[in-house]
Asks: 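Pasting a structure here, questions to come.
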2 protein chains.
Amino acid sequence: MKILIKNTKLLSMEDENITTTNIYIKADKIYKIGYLDDFAADKIIDGEGYITMPGLINAHTHVAMTLFRNYGPETDLMTWLNDYIWPLEDKLVANDVYNASKLAILEMIKSGTSAFADMYFFCEETVKAALDVGMRAQISRGLSIPDLGFEKIMENLELANKYRGNNLIDIGFGPHAIYTTDIDYLRKVSDYAQKYDLPIHIHLSETKTENDQCYEKYKMSPTKVFEKSGIFKNKTIAAHGIYLSDEDLDIIKENNVSIVHNPNSNLKLSSGFLDISRLIDKGINVCLGTDSASSNNKLSMLREIENAILVSKLFSSRPLSCYEILKMATINGACALGIDDKVGLVKEGYNADLIMIDINNINHSPTNELLSSICFSTYESDIKNVIINGSIVYENGEFLNIDEKELVNDIENSFSDLRNR
Amino acid sequence: MKILIKNTKLLSMEDENITTTNIYIKADKIYKIGYLDDFAADKIIDGEGYITMPGLINAHTHVAMTLFRNYGPETDLMTWLNDYIWPLEDKLVANDVYNASKLAILEMIKSGTSAFADMYFFCEETVKAALDVGMRAQISRGLSIPDLGFEKIMENLELANKYRGNNLIDIGFGPHAIYTTDIDYLRKVSDYAQKYDLPIHIHLSETKTENDQCYEKYKMSPTKVFEKSGIFKNKTIAAHGIYLSDEDLDIIKENNVSIVHNPNSNLKLSSGFLDISRLIDKGINVCLGTDSASSNNKLSMLREIENAILVSKLFSSRPLSCYEILKMATINGACALGIDDKVGLVKEGYNADLIMIDINNINHSPTNELLSSICFSTYESDIKNVIINGSIVYENGEFLNIDEKELVNDIENSFSDLRNR
């Protein structure tokens with residue numbers, strides 16, 4: 001399919017400039033930015049009144065946990081996991097994960113996300129949901145002990161082999177965290193990851209308790225244990241990283257580990273506050289994520305962008321600019337997922353993963369600083385079009401072949417079944 | 001007009017329970033909550049799939065400043081006022097204020113607000129905009145020195161006399177802040193306020209600089225200066241209150257001054273962090289506001305609700321519950337505006353100021369804790385109906401007799417004229 005987006009305000013994210021131009025898309029790629037005399041478009045989208053920019057990349061989530069949205073009281077991470085989440089997770093079946101993943105993916109697209117990195121189980125259901133909707137993702141099987149006969153690792157590997165080369169899906173290993181694994185298991189995961197060249201997704205230093213217990217057990221930080229185990233030899237996404245020492249940061253930097261900042265989840269669970277400017281100024285790749293809908297309780301990267309800036313204004317060692325945060329939400333996310341050579345920018349030759357934000361409305365008026373407008377004045381419903389890999393998956397605020405209300409019903413049924421199981 | 005809302009999930013805010021019921025509205029009042037055999041409704045609204053609750057009350061804003069949305073760089077309060085805002089304000093004309101007020105009021109209604117407290121100038125334009133849309137408001141003329149011949153005070157008084165007894169509009173005095181007035185002027189304002197029984201709206205201890213300069217000049221805190229001047233003898237709304245001592249809090253409490261927390265603006269301007277639980281636990285009436293769109297840069301009480309809770313989870317002396325924050329956004333706001341005997345609750349005999357939130361959608365699924373769902377999972381576009389004083393001002397996500405795009409054009413013209421003036 002050949003798509004022409006006419007006369008749009010383009011924020012390519014190659015720099016912070018916004019220019020009015022045409023964008024030509026051919027099959028899955030951005031063919032030309034500028035003006036062409038001869039392009040027989042199958043579809044012309046009027047871009048006037050819109051900012052077009054790279055799709056947002058949610059670099060840390062657990063989409064199936066959308067099933068537990070607003071479930072349980074507001075409490076700290078460990079109480080919430082032990083008393084509410086884990087007991088229900090024990091009873092999950094594959095279809096729950098498919099429905100919840102699909103619901104989450106739709107919410108993400110509606111709020112401008114075009115790719116995500118996930119860690120959970122029943123992973124193939126999440127893969128299927130992503131492919132059914134046309135979403136880009138890196139999906140990792142959560143790995144934890146006990147793992148008798150390394151069944152989880154084998155399942156993860158099988159999935160990786162099955163989807164290798166898929167144009168939307170990458171499979172990674174997800175050794176969950178220091179407190180749900182041990183160093184021997186991490187070494188095993190690392191061996192397989194190196195042998196089969198798979199990326200890694202972990203939780204790292206999310207709470208002070210996690211760090212304290214790790215010091216008690218290993219006499220070193222979670223970062224050091226992961227490094228020692230070999231895990232960092234493969235491309236790694238590490239979520240949270242709130243309690244990292246300067247020495248940890250050096251290790252993170254040296255190993256090109258990407259840190260995912262999840263401001264809403266960290267606040268909501270009272271986990272702590274990540275001073276992102278400290279990491280950015282060390283040259284570490286920092287990106288943004290929502291974490292799961294059950295600790296958020298939504299999946300809007302727009303809110304993470306806004307809150308990452310707002311909280312940094314008061315509590316960071318240096319306040320962050322709109323452009324820095326938008327980089328975290330786009331190209332830095334692509335870098336974390338190992339796909340920054342093809343998405344994260346609107347650039348000729350790159351895959352066409354882009355969103356169009358309606359700014360010709362009440363909440364964006366009058367037109368002034370547009371980066372500020374994107375970060376502070378955009379409501380989720382301003383996302384009107386989402387194109388992923390050259391396909392229009394969301395158009396004029398609607399999904400073409402998906403009945404949202406039907407899915408909502410399916411989810412209510414899944415959740416009610418689950419609780420009675 | 002007689003309106004029946006059928007089968008809705010009602011959060012009355014009299015307590016934290018949500019029950020499914022009917023709501024009967026007759027003229028401007030809530031006539032009955034429950035079930036009536038005989039009620040010839042002119043209009044029946046199907047409430048299934050909606051939470052109906054009191055309209056949100058934005059207790060501190062400057063709606064006309066929406067004209068400066070996203071104008072100027074991100075910087076601290078005083079630089080932003082001195083270098084960007086005040087130079088433009090000097091050139092404002094009445095029509096700018098009408099257009100910007102109307103734009104702001106529409107954005108507020110679209111995001112669930114049914115009443116607001118404002119401080120600015122060209123106040124009659126804001127009054128007209130509110131009345132044209134059907135919005136409830138307390139509007140105060142910003143008062144500052146120099147005020148030759150007390151012209152500002154006289155203008156404010158004239159407005160108060162003109163609209164006394166209006167069923168939607170109250171007029172108050174707005175002695176701007178300690179740093180834009182002096183104690184003699186405050187005494188004068190207080191004398192008139194007492195004589196004509198007008199409420200007061202001030203800024204109080206928003207920044208550390210404000211406090212420091214006040215101590216230097218008066219050897220006492222802003223709160224003490226306001227008290228000494230007699231200002232607190234009238235019902236007072238005090239915005240911000242970030243830097244209040246324990247002694248200040250005692251004065252605030254004793255004088256029934258309401259404090260308005262503006263989390264987004266305080267973060268965005270790096271003004272500081274208000275530990276609201278400290279105030280609430282002292283028995284002070286704390287409510288919520290957006291401040292102006294130019295320091296926010298939107299006017300959504302939903303985002304203030306969410307961020308007030310999130311930031312309190314990590315930084316307050318005690319994390320706040322959803323119910324506490326929803327009270328701040330409804331009945332406590334009504335109390336600040338002196339109208340808690342008629343709005344802020346969905347209650348028989350109260351004026352019908354209420355909103356209906358669509359929860360039968362992707363981002364609210366599955367249905368779990370509903371208070372949490374309101375606070376954390378609601379997008380602005382989920383606000384589908386807004387009823388103010390018994391009139392439906394917003395229905396199925398649309399204004400009936402207002403062309404939003406035309407208003408957006410008017411604003412662009414106003415702003416461009418203003419910059420060239």
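Only heavy atoms go into these numbers, but all of them, side chains included; no hydrogens, no water, no symmetry mates. Small disclaimer: the values here were computed from a predicted structure and weren't measured. The chains referred to below are lettered A, B, ... by the order of the sequence lines, with proteins before strands, and numbering in each begins at 1.
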Asks: Report which part of Leu418(B) has an atom under 4.5 Å of a heavy atom belonging to chain A: side chain, backbone, both, or neither.
Replies: neither
Asks: Name all residues meeting the salt bridge (charged side-chain N to carboxylate O under 4.0 Å, His left out) criterion together with Lys313(A); count only those two or more places apart in sequence or in a different chain, and write none if there are none.
Replies: Glu74(B)
Asks: Would you mind telling me which of Cys375(B), Ala293(B), Ser300(B), Pro319(B) has the largest number of heavy-atom pairs within less than 4.5 Å of chain A?
Replies: Ser300(B)
Asks: Mind telling me whether Tyr394(A) and Phe399(A) have parallel, tilted or perpendicular rings, with 30° and 60° as the class edges?
Replies: tilted
Asks: Walk me through it: do Asp96(B) and Ser414(B) pass the test side chain to side chain donor-acceptor pair (under 3.5 Å)?
Replies: CA-CA 6 Å; Asp96(B) 297 334; Ser414(B) 265; 3.3 Å; yes
Asks: For Phe273(A), is it the side chain, the backbone, both, or neither that has a heavy atom closer than 4.5 Å to a heavy atom of chain B?
Replies: both
Asks: On a heavy-atom basis, which atom in Asn368(B) and which in Asn70(A) lie closest, and how many Å separate them?
Replies: CB-O, 3.0 Å
Asks: So which part of Asn409(B) gets closer than 4.5 Å to some heavy atom of chain A, the side chain, the backbone, both or neither?
Replies: neither
Asks: Heavy atoms only, distances under 4.5 angstrom: which of Ile411(A), Ile309(A), Leu310(A) has the most pairs with chain B? Name it, please.
Replies: Leu310(A)
Asks: Could you check which of Ser321(A), Ala104(A), Ser416(A), Cys322(A) has the highest count of heavy-atom pairs closer than 4.5 Å to chain B?
Replies: Cys322(A)
Asks: Does the pair Met328(B) and Ile276(B) meet the rule for a side chain to side chain contact (heavy atoms under 4.5 Å, CB included), with working shown?
Replies: CA-CA 10 Å; Met328(B) 286 171 55; Ile276(B) 24 179; 4.0 Å; yes
Asks: If we define contacts as heavy-atom pairs under 4.5 Å, which of Val311(A), Leu407(A), Asn307(A), Leu106(A) has the most with chain B?
Replies: Asn307(A)
Asks: Can you say whether Asn413(A) sits under 4.5 Å from chain B via the side chain, the backbone, both, or neither, judging by heavy atoms?
Replies: neither
Asks: Tabulate, in ascending numerical order, the residues of residues 359-366 of chain A having at least one heavy atom closer than 4.5 Å to a heavy atom of chain B, or enter 'none'.
Replies: Asn360(A), Asn361(A), Ile362(A), Asn363(A), His364(A), Ser365(A), Pro366(A)
Asks: Measure distances from Phe415(B) to the heavy atoms of chain A and classify the residue's part below 4.5 Å as side chain, backbone, both or neither.
Replies: side chain
Asks: Could Lys384(A) and Tyr50(A) be counted as a cation-pi pair, given that NZ or CZ must be under 6.0 Å from the ring centre and within 45° of the axis?
Replies: no
Asks: Does Lys298(A) have any salt bridge (charged side-chain N to carboxylate O under 4.0 Å, His left out) partners at least two apart in sequence or in another chain, and if so, which?
Replies: Glu306(B)
Asks: What part of Ser312(A) lies closer than 4.5 angstrom to a heavy atom of chain B: side chain, backbone, both or neither?
Replies: neither
Asks: Given a strict heavy-atom distance threshold of 4.5 Å, which part of Asn297(B) is in contact with chain A: side chain, backbone, both, or neither?
Replies: both
Asks: Taking only residues at least two apart or on different chains, which pairs with a member in residues 397-408 of chain B satisfy side-chain hydrogen bond (donor to acceptor under 3.5 Å, both in side chains)?
Replies: Lys110(B)-Glu404(B)
Asks: If you look at every heavy atom in Asp132(A) and Tyr98(A), which pair is closest and at what distance?
Replies: OD2-OH, 2.5 Å
Asks: Within a reach of under 6.0 Å around NZ of Lys208(B), are more than 12 heavy atoms found that belong to other residues, nucleotides or ligands?
Replies: no
Asks: Against chain B, label Leu299(A) side chain, backbone, both or neither, depending on which of its atoms sit under 4.5 Å from a heavy atom there.
Replies: backbone
Asks: Between the side chains of Asn58(B) and Glu304(B), does any donor sit under 3.5 Å from an acceptor?
Replies: no
Asks: Taking every heavy-atom pair that is under 4.5 Å apart, which of Glu369(B), Glu412(B), Arg303(B) has the most such pairs with chain A?
Replies: Arg303(B)
Asks: Work out which heavy atom in Ser111(A) is nearest to a heavy atom in Leu56(A); give both atom names and the distance.
Replies: O-CD1, 4.0 Å
